[in-house]
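Scroll down for the structure; my scribbles are underneath it.
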Amino acid sequence: MSVNESEQIMKIYKELYALYGPQGWWPLMELETDNPDKIGVTQGYHPLNYSLPETPKQRYEIILGTILTQNTAWASAVKALKNLKKLNVIHPMKLLLLDDETLKAAIRPAGFLNLKTIYLQEITHFFLLLDNQIPSRDQLLKVKGVGNETADSILLYGYKQPEFVVDAYTRRIFSHIGLVDEKIKYGNLKKLFEKNLPQDVRIYQEYHALIVKHAKRYYQKNPYGVDDPLS
DNA sequence: AACCAGGACGTGA
DNA sequence: TCACGTCATGGT
């Protein structure tokens, strides 16, 4: 890998951060805490607060969100999450006790309801078996419904592990810029970032969130990347 | 009215 | 391994 590519990864990060600022991922529906320093951070995004999740319940909410947002707009995933909250099932055992039809109805706005119902139940079983231990990436990938991006999202945002998250936007932006081939494999694109960034969870979290922020503005409509200030 | 959304899986070359 | 089709609802 050339020095130029290496520098580009950090340079783009700094540019995105300058453009959009800290993103406060992973958003949580509500942030209840008894930490006096964090009272007032009430909902959704939480810029510059890298201590979350602070409870197993918040971690579980993140995990549910990673499944619900698969190939689905985040706003739609939030609707499903709110329905689950109304049912008081953002709790592993309670979700497993919920009947399939009620669960399907709740997550309907997020789409793929038949698949995601199974996926949510599968990851919940896995989460219970973990008993608050940190899962390995390979363990996560064995869970039905958990692929590369979901595994990395769970580890990076749910468990604060230094795993860079690659998504469709990442591939779209960095191939458009010309830094990588558009067909680059997930693992290779992931390693490109991990090799050229300090192994810092905060940077990994912000960079991925910034990529999504930027892509929503310039890479949603085909042809992609028109007027991208990075290129 | 196509196209896209913070993908993953199953199948057959 | 690789390219495709499938899964589903909602917004633009």
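Numbered from 1 within each chain, the chains take letters A, B, ... in sequence-line order.
- Atoms CG (L141(A)) and C1' (dA8(B)) sit 11 Å apart, rounded to a whole Å.
- Aromatic ring pairs are classed by plane angle as parallel below 30°, tilted from 30° to 60° and perpendicular above 60°; the pair W74(A) and W26(A) is perpendicular.
- Residue contacts shown for V165(A) are absent, as no nucleic acid heavy atom lies under 4.0 Å away.
- With a heavy-atom cut-off of 4.0 Å to chain A, the contacted part of DNA chain C has its first and last nucleotide at dC2(C) to dG11(C).
- A sub-4.0 Å separation between OP1 or OP2 of dG7(B) and a side-chain N or O of T72(A) is absent.
- Taking atom C1' on both dG6(B) and dA3(C), the two are 24 Å apart, rounded to the nearest angstrom.
- Within the nucleic acid shown, G111(A) comes within 4.0 Å of at least one base atom, counting heavy atoms only.
- Going from the P atom of dC7(C) to that of dA1(B) covers 23 Å, rounded to whole Å.
- Centroid-to-centroid, the aromatic rings of H91(A) and Y60(A) stay 6.0 Å apart or farther.
- Remark: side-chain polar atoms of K160(A) are paired, donor with acceptor, to backbone N or O of P53(A) under 3.5 angstrom.
- For the pair K144(A) and F112(A), both in contact range of DNA chain B, the more 5′-proximal nearest nucleotide belongs to F112(A).
- The distance between the ring centers of Y218(A) and H214(A) falls below 6.0 angstrom.
- Between the side chain of Y207(A) and the base of dG6(B) there is no donor-acceptor pair of N/O atoms closer than 3.5 Å.
- Atom P of nucleotide dG7(B) and atom CG of L68(A) are separated by 13 Å, given to the nearest angstrom.
- Between the CG atom of L64(A) and the P atom of dG6(B) there is a distance of 18 Å, rounded to whole Å.
- Atom CD of E122(A) is separated from atom P of dC9(B) by 10 Å (rounded to the nearest Å).
- Y224(A) places its OH atom 10 Å from the C1' atom of dA5(B), with the value rounded to the nearest Å.
- T150(A) comes within contact range of the sugar-phosphate backbone alone, with a heavy-atom separation under 4.0 Å but no base atom that close.
- Of the two residues contacting DNA chain B, namely K216(A) and Y119(A), the nearest-nucleotide position lying further toward the 5' end is that of K216(A).
- Remark: P of dA5(B) and CZ of R108(A) are 23 Å apart, rounded to the nearest angstrom.
- Rounded to whole angstrom, the span from the CG atom of D152(A) across to the P atom of dG7(B) amounts to 13 Å.
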Compile the donor-acceptor pairs under 3.5 Å between side chains in residues 127-136 of chain A and protein atoms, sequence neighbours left out, one pair per line.
| unit_1 | atom_1 | unit_2 | atom_2 | d |
| --- | --- | --- | --- | --- |
| S136(A) | OG | Q139(A) | N | 3.0 |
| S136(A) | OG | Q139(A) | OE1 | 3.4 |

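- Across dG10(C) and dA8(B), the matching P atoms stand 22 Å from one another, rounded to whole Å.
- Contact annotation for V143(A): backbone-only contact, meaning every heavy-atom pair under 4.0 Å involves sugar-phosphate atoms and none involves a base.
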*Starting from the C-alpha separation in whole Å, work towards a yes-or-no answer on side chain to side chain donor-acceptor pair (under 3.5 Å) for E54(A) and S51(A).*
CA-CA 7 Å; E54(A) 294 181 312; S51(A) 64; 3.3 Å; yes

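- R172(A) comes within contact range of the sugar-phosphate backbone alone, with a heavy-atom separation under 4.0 Å but no base atom that close.
- Looking at heavy-atom distances under 4.0 Å, L113(A) makes contact with sugar-phosphate atoms alone, never a base.
- Sequence order on DNA chain C of the closest nucleotides to K116(A) and K221(A) puts K116(A) first from the 5' end.
- For dA5(B), the base is not stacked against the aromatic ring of W74(A), per a cut-off of 5.5 Å between centres and 30° between planes.
- With both ends at atom C1', the span from dT9(C) to dG10(B) equals 22 Å, rounded to whole Å.
- Under 3.5 Å, the side chains of Q8(A) and N196(A) contain no donor-acceptor pair of N or O atoms.
- The distance from atom CD1 of I67(A) to atom C1' of dA5(B) is 16 Å, rounded to the nearest whole Å.
- Taking the six-membered ring where the residue is Trp, F164(A) and F193(A) present parallel rings, their angle staying beneath 30° rather than reaching 60°.
- A residue-by-residue look at A73(A) and K185(A) shows that K185(A) has its nearest nucleotide of DNA chain C further toward the 5' end.
- A distance-only check finds no donor-acceptor pair linking the side chain of K104(A) to the backbone of L113(A) [under 3.5 Å].
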